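Notes follow the structure.
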Number of protein chains: 2
Amino acid sequence: MKKKITIKTIAKELGVSTSTVSKALKDSHEIGKETKDKIQAFANYYNYKPNSLALQLRNKKTKVIGVILPKIVHHFFSTVIKGIEAVASEKGYHIMVCFSNENYKKEVETLRVLSNGSVDGLIVSIANETLENKDFNHFFELLDDDIPLVLFDRVVDDISCDKVVVDDVGAGYKATKYLIKNGCKKIALITTPNHVNVGTLRRLGYEKALIESYIKTDRSLILEINEKENIKNQIEKVFEQEIDALFAVNEIYAANSMRIAKEKGMHIPNDISIIGFTDGLISEYSSPSITTIAQHGFTMGKQAVELLIERIENKADFFTPKKIVISSDLKLRESTKTSS
Amino acid sequence: MKKKITIKTIAKELGVSTSTVSKALKDSHEIGKETKDKIQAFANYYNYKPNSLALQLRNKKTKVIGVILPKIVHHFFSTVIKGIEAVASEKGYHIMVCFSNENYKKEVETLRVLSNGSVDGLIVSIANETLENKDFNHFFELLDDDIPLVLFDRVVDDISCDKVVVDDVGAGYKATKYLIKNGCKKIALITTPNHVNVGTLRRLGYEKALIESYIKTDRSLILEINEKENIKNQIEKVFEQEIDALFAVNEIYAANSMRIAKEKGMHIPNDISIIGFTDGLISEYSSPSITTIAQHGFTMGKQAVELLIERIENKADFFTPKKIVISSDLKLRESTKTSS
DNA sequence: CAAATTTACGAAATCGGTTTCGTGTTGACA
DNA sequence: TGTCAACACGAAACCGATTTCGTAAATTTG
């Protein structure tokens, strides 16, 4: 096992002091040409790399951004990571990715560990369980410690920090409005339980569109999925009623719905129009392909990390939290009919 | 801006030495009960957390594992990450995720940066470009520096380190054999260019199965996709010939193929059987759902990180690289017919 | 030629911890 | 009452770098 080469070993080997070595490697004018050449040649030959831990400790910055996500095997979140990494690496940062697995305890624990100096800042999307029991003390502590924080997608107002969200209300509205415009009247909504606020917001948009068109909101057309049970079975209940359209707040719900519709012999989009959320591969490759709300995860990730780096590198700035709202687009495909 | 609280501040505030504080916080028997209580209460009150950089520097270990992937928005790779993270976090490690974007230069750069002490070891799946130009010096340097390394999925024999791979030959064989068994004769293969070795291996399995059944390999039935051009257009050429089955080395190729088959009015699986690779969401939710080779990414990730941690924590061990081969399964779904 | 300035380098502090070793005080025991 | 162990704590080295400051020798200047 080769011992790693440090400034100290170089110094000893060459009979100079560590300060001289350090300066020589930075091409300081303080060091004479001969000595400099000698040191640089030596360092180069032995492939010397400064220990980054030592530098981080001294500079009090790690150039690492912590990212905590509820899950990873998920098109939207992996797209966000891609966006984060793109900008981060361009600006000389690395990312440390952790997962809460939608679990409150793991989120608290991860936050605690990462806030001990190993990262310069954090980008987080809150776990469902945390949203459910509304305990955000771990975030407050983070802010107390003055650690830059950016929340995205699943955010809560009480936490005073920068945020990046999609225009969920607008998205729900856009989707529903489109369905109505094309002649749909009985529009089912497949959503998440109320504590997941993105679901709630999308639902608000849905209701807003209905109200605007004087369609009474039919409670029985709205289904809140319990993720712990079989999803398909739950959705099937909605199909017991007469519906001519369906808006699902994510891709999986949409795909399941489509499958059920097909099994029931319904023709898509003639008998029923379907709109999903998250522009993932399922929507793109299923047949018929599914019209969806594109969330622009890549953009969200980029924006989030830009906000964060700004905070990190410019802490003097007075703290007035920013909130960036990314507008979402309706991506028309084959699962929706057009009235024209 | 609150100043962070360190051992030094505690010591000063309480009129003791830093050594005393350090020991008191570790409940050392050397420190008297009163002093201990006082210090612990103080530290607790001010929510003291030891700076991890300082510890890492002293202990010469970071408890961080670097992971370098060719891409992230990809079912297989995100599943692997999930597996890595699961075991890592259970064993007290964190993961630092970086991407090469299939790019040689970025891979070299990332490897260089991560090998300066910021991680205890690395898990890597090699970029396509690197495989293409066969320049692995950056990996050799890593080994020279005695940094534990585990390669997975996209590996090369020349690099002497632990590896985790799927049984690609066996998988290709299994899929092809299954098609033959069920009466298919003209089996197309949609694969990657030859430098991507997993593609090559799967192709070997394909050819082996054909030979075993005395079917002559028809060069015109094999298509190497050029990822820089439109995938669908390329696949369409294969359909100009008469085929009754198709084996694609990934999900995207399979989904595209299915779409083309449908557009040509072929019925699946009666007119043509299709088998894909990677058991992702597309295969599961498309209709008909696609029979695929399940790669068990989660298991691969777990195995990789287990190998790595073993190396990290037990460096004395003589270096005899291990290679774990994960056997893949054929997951039967609707896109393949059965002869029965 | 003496004084002032440059040049070229080293000593030591610092970042925030841990750990070894030493030492003053106490109490027990012969 | 002298000796020795146990106790409780502090000084200082260390991890691997950077950086400020000091200084001897060489060079320039008056």
Side-chain angles (χ1 to χ4, degrees), chain A residues 2-40 42-43 46-64 113 115-120 145-147, chain B residues 2-40 42-43 46-64 113 115-120 145-147:
Chain A
K2 263 198 314 206
K3 66 196 76 172
K4 359 223 154 247
I5 154 160
T6 71
I7 272 206
K8 216 173 282 183
T9 54
I10 300 184
K12 195 173 296 170
E13 210 68 31
L14 263 44
V16 294
S17 78
T18 61
S19 2
T20 305
V21 176
S22 175
K23 287 171 192 160
L25 293 176
K26 315 202 86 184
D27 227 353
S28 159
H29 64 273
E30 284 185 49
I31 306 299
K33 178 149 186 354
E34 262 184 61
T35 322
K36 238 195 270 191
D37 286 350
K38 187 177 63 177
I39 293 175
Q40 288 177 354
F42 188 93
Y46 286 105
N47 192 21
Y48 165 77
K49 289 178 217 143
N51 180 308
S52 72
L53 290 178
L55 292 178
Q56 291 174 21
L57 177 59
R58 179 158 233 280
N59 300 332
K60 303 247 211 169
K61 57 174 79 161
T62 62
K63 287 283 182 177
V64 173
V113 173
S115 65
N116 64 1
S118 22
V119 300
D120 289 348
D145 284 352
D146 269 314
I147 295 173
Chain B
K2 262 197 319 206
K3 66 197 74 169
K4 2 228 153 238
I5 153 161
T6 71
I7 272 206
K8 218 171 279 183
T9 56
I10 300 184
K12 195 171 297 170
E13 209 69 29
L14 263 42
V16 295
S17 78
T18 60
S19 2
T20 306
V21 176
S22 175
K23 288 171 192 161
L25 292 175
K26 316 200 87 185
D27 229 353
S28 160
H29 64 274
E30 282 186 52
I31 306 298
K33 177 145 185 2
E34 263 184 62
T35 322
K36 234 195 269 190
D37 285 351
K38 188 176 63 177
I39 292 175
Q40 287 177 355
F42 188 94
Y46 286 104
N47 192 23
Y48 166 76
K49 289 178 217 142
N51 180 308
S52 72
L53 290 178
L55 294 179
Q56 291 175 20
L57 178 58
R58 179 158 235 279
N59 301 331
K60 304 246 209 170
K61 58 175 78 160
T62 63
K63 288 283 182 176
V64 173
V113 174
S115 65
N116 63 1
S118 25
V119 300
D120 290 347
D145 283 351
D146 268 315
I147 295 174

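Every chain is numbered from 1, with letters handed out A, B, ... down the list of sequences. Note that the structure is predicted; figures quoted are calculated from it, not measured.
Heavy atoms of B:Ser19 sit under 4.0 angstrom from at least one base atom. Among the protein residues, A:Leu57 comes within range of the nucleic acid bases, having at least one heavy atom under 4.0 Å from a base atom. Among the heavy atoms of the strands, none lies under 4.0 Å from A:Ser52. In this structure, B:Ser22 reaches the bases: a heavy-atom distance under 4.0 Å links it to at least one base atom across the strands shown.
Within the model, atoms NZ of B:Lys4 and CG of A:Asn116 stand 12.0 Å from one another, a figure rounded to the nearest 0.5 Å. Rounding to the nearest 0.5 Å gives a distance of 11.5 Å between CD of A:Glu13 and NZ of A:Lys38. We find the NZ-CG distance between B:Lys60 and B:Leu55 to be 15.0 Å, quoted to the nearest 0.5 Å.
The phosphate of D:dC9 has OP1 or OP2 within less than 4.0 Å of a side-chain N or O from B:Thr35. Between A:Tyr48 and D:dA17 there is a side-chain polar atom (N or O) within less than 4.0 angstrom of OP1 or OP2.
Atom NZ of A:Lys63 is surrounded by more than 12 heavy atoms from other residues, nucleotides or ligands within 6.0 Å.
Residue B:Leu53 contributes atom CG, which lies 15 Å from atom C1' of C:dT18 at whole-angstrom precision. Rounded to whole angstrom, the span from the NZ atom of A:Lys61 across to the P atom of C:dG16 amounts to 14 Å. In this structure, the CD1 atom of A:Ile7 is 13 Å from the C1' atom of D:dC15, given to the nearest Å. To the nearest angstrom, P of D:dT20 lies 14 Å from CD1 of A:Ile31. D:dT18 atom P lies 10 Å from atom CG of A:Asn51, rounded to whole Å. To the nearest angstrom, C1' of C:dT20 lies 13 Å from NE2 of B:His29. With rounding to whole Å, B:Lys12 atom NZ is found 15 Å from D:dG10 atom P. One can place CD1 of A:Ile5 at 15 Å from P of D:dC15, the figure rounded to the nearest angstrom.
Taking five base pairs at each end of the helix from C:dC1-D:dG30 to C:dA30-D:dT1 and finding the rotation axis that steps the C1' atoms of four pairs onto the next four gives two axes whose angle is 70°, to the nearest 10°.
One N or O donor and one acceptor, one from the side chain of A:Lys23 and one from the base of C:dG10, sit under 3.5 Å apart.
Minimum atom distance to the side chain of B:Lys26 is reached by C:dT19, of the listed C:dC15, C:dT19, D:dC15. Side-chain proximity of A:Ser17 to the nucleotides C:dT18, D:dG10, C:dA11 is greatest for C:dA11. Side chain of A:Leu55, nearest nucleotide from D:dA17, C:dG16, C:dC9: D:dA17. Across D:dT19, D:dC9, D:dC15, the shortest atom-to-atom separation from the side chain of A:Lys8 is found for D:dC15. Of the candidates C:dT18, D:dA17, C:dG16, D:dA17 carries the atom nearest the A:Thr6 side chain, counting heavy atoms from C-beta on.
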Quiz item: Which is it for B:Gln56 and A:Leu57 under the side chain to side chain contact (heavy atoms under 4.5 Å, CB included) test, yes or no, and what are the steps along the way?
Solution: CA-CA 10 Å; B:Gln56 291 175 20; A:Leu57 177 59; over 6 Å; no
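Nearest-nucleotide positions on DNA chain D for A:Glu30 and A:Thr18 put A:Thr18 closer to the 5' end.
For the pair B:Lys36 and B:Asp27, the salt-bridge criterion is met [side-chain N within less than 4.0 Å of a carboxylate O].
Side chain of B:Asp37 to backbone of B:Glu34: no donor-acceptor contact under 3.5 angstrom is found. For the pair B:Asn51 (side chain) and B:Leu53 (backbone), a donor-acceptor distance under 3.5 Å is present.
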